[in-house]
Protein chains: 2
Amino acid sequence: MTKARKTIMDILMKSEEPVSASTLAKDLPFDQATVYRNLHYLEDQGFAESFILHCSEHGTERYYSYRNANDVHHHWFHCEMCHRFIDLGHCAYGQQLKEWEQSYGFTIHEHTFFLTGVCADCKS
Amino acid sequence: MTKARKTIMDILMKSEEPVSASTLAKDLPFDQATVYRNLHYLEDQGFAESFILHCSEHGTERYYSYRNANDVHHHWFHCEMCHRFIDLGHCAYGQQLKEWEQSYGFTIHEHTFFLTGVCADCKS
DNA sequence: ACAAAATTTGCAAATGACTTGCAAAATACA
DNA sequence: TGTATTTTGCAAGTCATTTGCAAATTTTGT
């Protein structure tokens, strides 16, 4: 495993919240192409997952988080003021998604869910 | 109300599914800046709502749909093959969102939810 | 450990959605 | 209808992300 890939993997593993691709690209001492390519690689291999979120201050960016093999994925709340993410816990939509698949006949590859607003700290 | 604005408003009102900003910008006989500005205007005024969706073929685009004054908003399934949207009906997360607001203390401004996959027609 | 094969990197340029400044044109208002 | 206000088109800019390519690194087979 290359240095760039390991660095990115480590950051994702250690991070408590999703990190944006463009931020990684800016902050890490690797070429941006390398960062983006590795993020794709990690997601392809199932080590990471991502979603696109727009916030007025940071614009539209893709956020990545580490994905544990036996991990159920999480959903997040994003604070528009301090830009932190709050973990809403395990996804609880499994059953609902299955029901939709049955009633509509489609196959779901991915579902996207997140909240944006202002966190408790920033309100006070 | 200007011609451009009325045209865009009409399209959103008549459309059964969300339409992408960049597609409107390409197809309509108005400058792209005009299209984007009007979409922002309509959303600001509460006549439209939007979400960002990425699909491999069309890339990352913002999709708009008309918002009725007394309308509960809808969620959508997006087929990656035929690129149509399937209406999943009224949003049923109101209660859940309120509970999260109470337990975490944050205020939700927006929630994003949609599905992507392959529709029944495209599977066969 | 070593050379060949396969993969990854950096660089530089390109892409594509979306935004912005500004003067002209259209619309609203008195 | 004339004037103030808003909107438009044009052209250039921004910004996240992607891509081609040759050089550098990592992996493989021995």
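A note on names: the letters A, B, ... follow the listed sequences, proteins ahead of strands, and every chain is numbered from 1.
- Taking the side-chain hydrogen bond (donor to acceptor under 3.5 Å, both in side chains) definition, one finds that Y63(B) meets it with E61(B), sequence neighbours left out.
- Annotation: the span from E57(A) atom CD to E80(A) atom CD amounts to 10.5 Å, rounded to 0.5 Å.
- End-to-end axis angle of the helix from dA1(C)-dT30(D) to dA30(C)-dT1(D), from C1' rotation axes over five pairs per end: 50° (rounded to 10 degrees).
- To the nearest angstrom, C1' of dT27(D) lies 14 Å from CE of M1(A).
- H90(B) meets the side-chain hydrogen bond (donor to acceptor under 3.5 Å, both in side chains) test with H74(B); sequence neighbours excluded.
- K26(A) comes within contact range of the sugar-phosphate backbone alone, with a heavy-atom separation under 4.0 Å but no base atom that close.
- Heavy atoms of A4(A) sit under 4.0 angstrom from primed sugar atoms or phosphate atoms, though from no base atom.
- Using cut-offs of 30° and 60° on the angle between ring planes, the pair H75(B) and F113(B) is perpendicular.
- Contacts between residues 28-39 of chain A and DNA chain C, counted as heavy-atom distances below 4.0 Å, involve F30(A), D31(A), A33(A), T34(A), R37(A), N38(A).
- In the hydrophobic clustering of this structure, V19(B) groups with I8(B); members are Ile, Leu, Val, Met, Phe, Trp, Tyr whose side-chain heavy atoms approach within less than 4.5 Å, directly or through other members.
- In this structure, OH on Y66(A) lies 9.5 Å from CG on L12(A), to the nearest 0.5 angstrom.
- Contacts of residues 7-24 of chain A with DNA chain C (heavy atom under 4.0 Å): none.
- Note on ring orientation: taking the six-membered ring where Trp is involved, the planes of H78(B) and H83(B) are tilted (angle from 30° to 60°).
- If you take CE on M9(B) and CG on L39(B), they are separated by 11.5 Å, rounding to the nearest 0.5 Å.
- Formation of a donor-acceptor pair under 3.5 Å by the E101(A) side chain with backbone atoms of I108(A) is found in this model.
- By the 4.5 Å heavy-atom criterion applied to side chains, I86(B) and W100(A) are not counted as neighbours.
- In terms of phosphate contacts, R5(B) brings a side-chain nitrogen or oxygen within less than 4.0 Å of OP1 or OP2 of dT7(D).
- For the pair S65(A) and E49(A), the minimum side-chain heavy-atom distance is below 4.5 Å.
- Note: the hydrophobic cluster containing V72(B) does not contain L97(B) (ILVMFWY, side chain heavy atoms under 4.5 Å, direct or indirect links).
- Here the OH atom belonging to Y93(B) is positioned 5.0 Å from the OH atom belonging to Y93(A), to the nearest 0.5 angstrom.
- Legend: residues meeting side chain to side chain contact (heavy atoms under 4.5 Å, CB included) with R62(A), ordered by chain and number and at least two apart, are S50(A), I52(A), Y64(A), H54(B).
- Non-hydrogen atoms lying under 4.0 Å from DNA chain C are contributed by nothing in residues 40-54 of chain A.
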Distance-only criterion, 3.5 Å: show the donor-acceptor pairs between side-chain atoms of residues 114-124 of chain B and protein atoms not counting sequence neighbours.
unit_1  : atom_1 : unit_2  : atom_2 : d
D121(B) : OD2    : R84(B)  : NH2    : 3.3
K123(B) : NZ     : G105(A) : O      : 3.0
K123(B) : NZ     : T107(A) : OG1    : 2.8
S124(B) : OG     : D121(B) : O      : 3.0

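- When DNA chain C is scanned in the 5' to 3' direction for atoms under 4.0 Å from non-hydrogen atoms of chain B, the outermost contacting nucleotides are dA17(C) to dA28(C).
- In terms of the side chain to side chain contact (heavy atoms under 4.5 Å, CB included) criterion, residue partners of Q95(A) (sequence neighbours excluded) are, by chain and number, E99(A).
- Near-neighbour residues of DNA chain D inside residues 75-83 of chain B, defined by a heavy atom below 4.0 Å, are absent.
- Applying the side chain to side chain donor-acceptor pair (under 3.5 Å) rule to pairs touching residues 30-40 of chain B yields R5(B)-N38(B), sequence neighbours excluded.
- Under the 4.5 Å side-chain heavy-atom criterion for ILVMFWY residues, no single connected hydrophobic cluster contains both Y104(B) and F85(A).
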